[in-house]
*Asks:* 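One structure coming up, written as structure tokens, with questions to follow.
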Amino acid sequence: MSSWMKTAMRGALMLPLAGMAGLAAHAQEASAVSAYVDSSYLFLIGGLIVMFMAAGFLCLESGLVRSKNASMQSLKNVSLFSVAGLMFWLIGYNIAYPASTALGGIIGIPGAIPWSGEESLDTGYAASSDWFFQMVFVATAASIVSGTVAERVKLWSFLIFVVFLTAFIYPTVVSWEWGGGYLDSEWAFSDFAGSTLVHSTGGWAALVGAIIIGPRAGKYFGEKVNPMPGSNIPLAALGTFILWFGWFGFNGASQLAAGTFDDINAVAKIFANTNMAAVGGVLAAMILTAVLYKGKVDPTMAFNGAIGGLVSITAEPLAPSMGMSVAIGAVGGVLVVLTVPLLDKLKIDDVVGAIPAHLVCGIWGTLIVAASYGNHIMPPVDEAGALTGDASYVGQLVGIILTGVVVSVLSAIVWFALKATLGVRVSEEEEQLGLDRADTGVEAYPEFAS
Amino acid sequence: MSSWMKTAMRGALMLPLAGMAGLAAHAQEASAVSAYVDSSYLFLIGGLIVMFMAAGFLCLESGLVRSKNASMQSLKNVSLFSVAGLMFWLIGYNIAYPASTALGGIIGIPGAIPWSGEESLDTGYAASSDWFFQMVFVATAASIVSGTVAERVKLWSFLIFVVFLTAFIYPTVVSWEWGGGYLDSEWAFSDFAGSTLVHSTGGWAALVGAIIIGPRAGKYFGEKVNPMPGSNIPLAALGTFILWFGWFGFNGASQLAAGTFDDINAVAKIFANTNMAAVGGVLAAMILTAVLYKGKVDPTMAFNGAIGGLVSITAEPLAPSMGMSVAIGAVGGVLVVLTVPLLDKLKIDDVVGAIPAHLVCGIWGTLIVAASYGNHIMPPVDEAGALTGDASYVGQLVGIILTGVVVSVLSAIVWFALKATLGVRVSEEEEQLGLDRADTGVEAYPEFAS
Amino acid sequence: MSSWMKTAMRGALMLPLAGMAGLAAHAQEASAVSAYVDSSYLFLIGGLIVMFMAAGFLCLESGLVRSKNASMQSLKNVSLFSVAGLMFWLIGYNIAYPASTALGGIIGIPGAIPWSGEESLDTGYAASSDWFFQMVFVATAASIVSGTVAERVKLWSFLIFVVFLTAFIYPTVVSWEWGGGYLDSEWAFSDFAGSTLVHSTGGWAALVGAIIIGPRAGKYFGEKVNPMPGSNIPLAALGTFILWFGWFGFNGASQLAAGTFDDINAVAKIFANTNMAAVGGVLAAMILTAVLYKGKVDPTMAFNGAIGGLVSITAEPLAPSMGMSVAIGAVGGVLVVLTVPLLDKLKIDDVVGAIPAHLVCGIWGTLIVAASYGNHIMPPVDEAGALTGDASYVGQLVGIILTGVVVSVLSAIVWFALKATLGVRVSEEEEQLGLDRADTGVEAYPEFAS
């Protein structure tokens, strides 16, 4: 065999192999970049859609307060979104996804203050896209509080509460589960997009706030409940649809990836289920309201029914069938209709109905996750005694209770500290006059209100 | 030749070939997955944008009714979207895309009730993403009806009508064309995103409803038309912009794919044309209004001009040039301005102007499709006598008429059945008092209205 | 060596190489198509998000005018968006991105009238997707003007001004920088998404208009400023959030590509920075307002603080850190709070505060770009004397001043020409009555306003 033949043959053997290895390596990196781009894109688009929920809360809350407080409620919604963004950058994000933990995963210890994301192909997504996506969730939790304590809480005290909620309280809860902490590792707690982590956290903070701040002046006389109807129902309805719209980002993008056959199927199923739960919530709330109130259908019950249905499916929007999603949402709608008068009985004044929709339905949605994973009572373990990762009723309940206790206690500390210092409540005169004229100097509808 | 040489040569021949075949197969599957992901993503994002049109209709309709009915109108919009979603899952989708057909493709026979999508790479998209995308279109058709019959239709009767519209009537019409049925196979009927299938269907149902239910009390005295101005024009304007926004999803995502050079170019052109048709509709309506009404420009004509322009381009948003799109939209705007007073002459009370914008412009837009395909009078056939698939004036007309007749007859049956049983209209007292106080117990603007 | 062996060996050598070359060529084209699709998709989605800012301006402006002009303000917003789209198709786009230039790059000479995009893989994106993305920016500039001159400008005169603004003035300014003209080539002027090109251009046109048209009747009595509070603050708040939402498209999609590791990281960082600048603007405006006005926080200052922060970061949303972005936005918020009363001192009546938010913050944001590129006083040059492309304070100032002078002069010519012919201002009687009743015949809130 001549020398050129040997060389040629080596070439014939090696060149294509080297080329193929090169191609394969190139393909592998291209695939990693492609997945990175897709996931980041999903976070940005999903986060943007969730960001718009801030406008939904604005509309819902401004529409459900009386006109004398609607300007202030608008301001609170714009400013709480700002405070949430600032604090989640300064502190919150690095507690939610901590560098290390203490107390068996209960407390997250941030790696750096403020957060300063560095991009790396290894993480699988652009750091800032994840920050953005997480940030709009914390803002959602804060929005829940503002609705409940509307019409009497002091602006700056409320914003300081939001500082603590978004810098410490919410991030701590999130670290237990999405940060891989205590609830995830010990209880296989499962909360896909945040029925408990986001909605119940906001709901508990709102409940404790409503109790500590007290009801609006004139709301309760003995056993009598004085209705204080919202000033702009179409605006509240718009807010409901904006929230519904935003929820597709909330639940859909929580799949965290959409670039593969399985992931895009999951996102699509989440979209369908999310819609069906809202559908169930609206229709159940309407029918029950008609039955309970002699055929009259309070639109705000339908709106909160939609929200209640959406919160209910948020803990597990992927596993249920569409029929099951309707049912889960319908129970949420029923819970809303039943809980609203209950709170009034307890003289807890929740101006927009956030506690029924976000807290009560958040608990329901979180519990029922176990039904999608085999109805286990206790977290199932494999032969080696390790958690299989499947949700269980007790595991879910532990997460619900732990969140409830910790958020309530921490919130109470902050609300009481504010009460003892700045005060949490405007003066009787201010409340009577309306926060718009008293504290902003700008009436919401200066030419309309009587 | 030694044995190792033979082996080596076989390797040199086979290995790269096998590798290449593997790579090619891998590339082919990757490409199929990629297209699947892209299409599904387009359906989800597009569907989400269209879903938001529900908020647009809410704003438009709540803004154009009198304040005493605005709360009810909000409730109707939220609840019709819920009913539409429920029925299109239970029945509608599988009639629109039937397992088999009867009567020569006129009736679709659903394969399963309720719909239960299974994901397969072969379909080219996630089943649930398609369901979601289709579902928001059916909701659009229902929204059209609610505006026309506002301020006097009974809530539950209206919702029952929506049940039939979204479960049977709309799906049947859709099956003729998008489901590959009668109009598609026999007449080469062409309706890209639904000028006829969605907008005229809604419009016919609304027209028949308006006639059967009758005008609002006090609207017509002999020849005199009593104007009943909308209560919140900025809200109606916002609704118009939301609809305009949503229409990019409506038309753009109806390209059904965006992952190739040709597809993305098509989507881009659809965006540009869709916008130009709205532009033409607004400006033509404004100019004509100014001419007809001594320089005064009724903003609601401009808003309906935008919608009319958008409906007009919906049947064929891809083929026309941008200039042609302006013209098509402008004719739509003119039709709106001319049809609104015509309906009043006929004492057909269309509260928000949905019949001019959706029905009349839907007919116009569907007819003019033939101009983009060679102005054929009859559906052209090839040498073998088979349809070439190009639209023709007669083919379009058949679709328009068939849709009109079938939707009108079926709608009339449902409306008359409701009239004979539950009643379709609130009592005179309720209408006088306003549906908000009479039927919801919640006024839209309790502190403002005089 | 037998003949078959030679052939086999040639095959072994050639086949894989040819295959690989084919694969590589295929991969290269696939990659070009993929980038083309990604960029076009980004333009369409980004443009759609920016398009929705039209709804934001509608809400903000309709909410900040008095109720007697809110219907007209709604109409102006819908119609200006239409005129902008029409003129940017007819003339504007091809001036902004001209076929050739005159006067050293100051004047762009359009290649064709009207624009008629042709798709080519070489451009890197679908022509219509770029047109759409650019068109929504020009509409933004026009929206800025409509807010300032609200409540007294004549509808048709305003729309004719918009014709000139969107067909000639804005496109000329854009050609200097994004079209590669004078400012880009001579001064290394840097304006990422348009603090100067879009926002200051709109702001200068608005300022000149406000001066020429004059303040609203009764606004200024000697030194006294008569407050004319907005009629619907929650609507203005919703507008603020819609603008905030839209700004992610405005800045994010201005990266122009998102398909690579670096590009998606850039888009993600732009999202985070854009949000932080708004946060800084809101909180700085609120704190400063509370300090200046005895604890009262005017919500409209917070809203304009958000917008001011967003405008400030628009010239360079990528380079700054998140902390720096907060600071840049905070200065914007401070500028808004300080400039609003200053304009009143000068008796320049800017109804919605657009000049502080868009013009003043646009100047600030453009200047501070130099801080992100080494704080050069003069545009740095390399050894060969060519511009390095880095922004400098003088380079930025030249762009700011050139834009200010040219836009002001051209705007003044158009406004004066209109004043001398059609008139720019409604009659005193019409202004007193309100433009809604006088010029549209349709009141915004016929049942509410006193």
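Since we're looking at a predicted model, the values are computed, not measured. Chain identifiers are assigned alphabetically (A, B, ...) following the order of the sequence lines, protein sequences preceding nucleic acid strands; residue numbering begins at 1 within each chain.
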*Asks:* Out of Gly441(A), Ala126(A), Ser74(A), which one racks up the most heavy-atom pairs below 4.5 Å with chain C?
*Replies:* Ser74(A)
*Asks:* Using heavy-atom distances under 4.5 Å, tell me whether Ser39(A) contacts chain C through its side chain, its backbone, both, or neither.
*Replies:* neither
*Asks:* Side chain, backbone, both or neither: which part of Tyr293(C) has a heavy atom under 4.5 Å from chain A?
*Replies:* neither
*Asks:* For Ile242(C), which atoms come within 4.5 Å of any heavy atom of chain A: side chain, backbone, both, or neither?
*Replies:* both
*Asks:* For Ala306(C), is it the side chain, the backbone, both or neither that has a heavy atom under 4.5 Å from a heavy atom of chain A?
*Replies:* neither
*Asks:* Is Ile49(C) close to chain A through its backbone or its side chain, or both, or neither, when contacts mean heavy atoms under 4.5 Å?
*Replies:* side chain
*Asks:* Check whether the ring centres of Phe137(A) and Phe133(A) lie less than 6.0 Å apart, and answer yes or no.
*Replies:* yes
*Asks:* Pairing donors with acceptors under 3.5 angstrom, does anything connect the side chains of Asn275(C) and Trp244(C)?
*Replies:* yes
*Asks:* Would Glu447(A) and Arg66(C) pass as an ion pair if we require N to O under 4.0 Å?
*Replies:* no
*Asks:* Which residue out of Leu283(C), Val282(C), Asn265(C) racks up the most heavy-atom pairs below 4.5 Å with chain A?
*Replies:* Asn265(C)
*Asks:* Given heavy-atom pairs under 4.5 angstrom as the criterion, report whether the side chain, backbone, both or neither of Val326(C) touches chain A.
*Replies:* side chain
*Asks:* Of the backbone (N, CA, C, O) and the side chain (C-beta and beyond), which part of Leu238(C) lies under 4.5 Å from a heavy atom of chain A, both, or neither?
*Replies:* both
*Asks:* Can you name the closest pair of heavy atoms from Asp263(C) and Thr260(C) and give their distance?
*Replies:* N-OG1, 3.0 Å
*Asks:* Please identify, among Ala55(A), Ser62(A), Ala438(A), the residue contributing the most non-hydrogen atom pairs under 4.5 Å to chain C.
*Replies:* Ala55(A)
*Asks:* Could you report the tightest heavy-atom contact between Leu435(C) and Asn69(C), atom names first, then the distance?
*Replies:* N-OD1, 2.7 Å
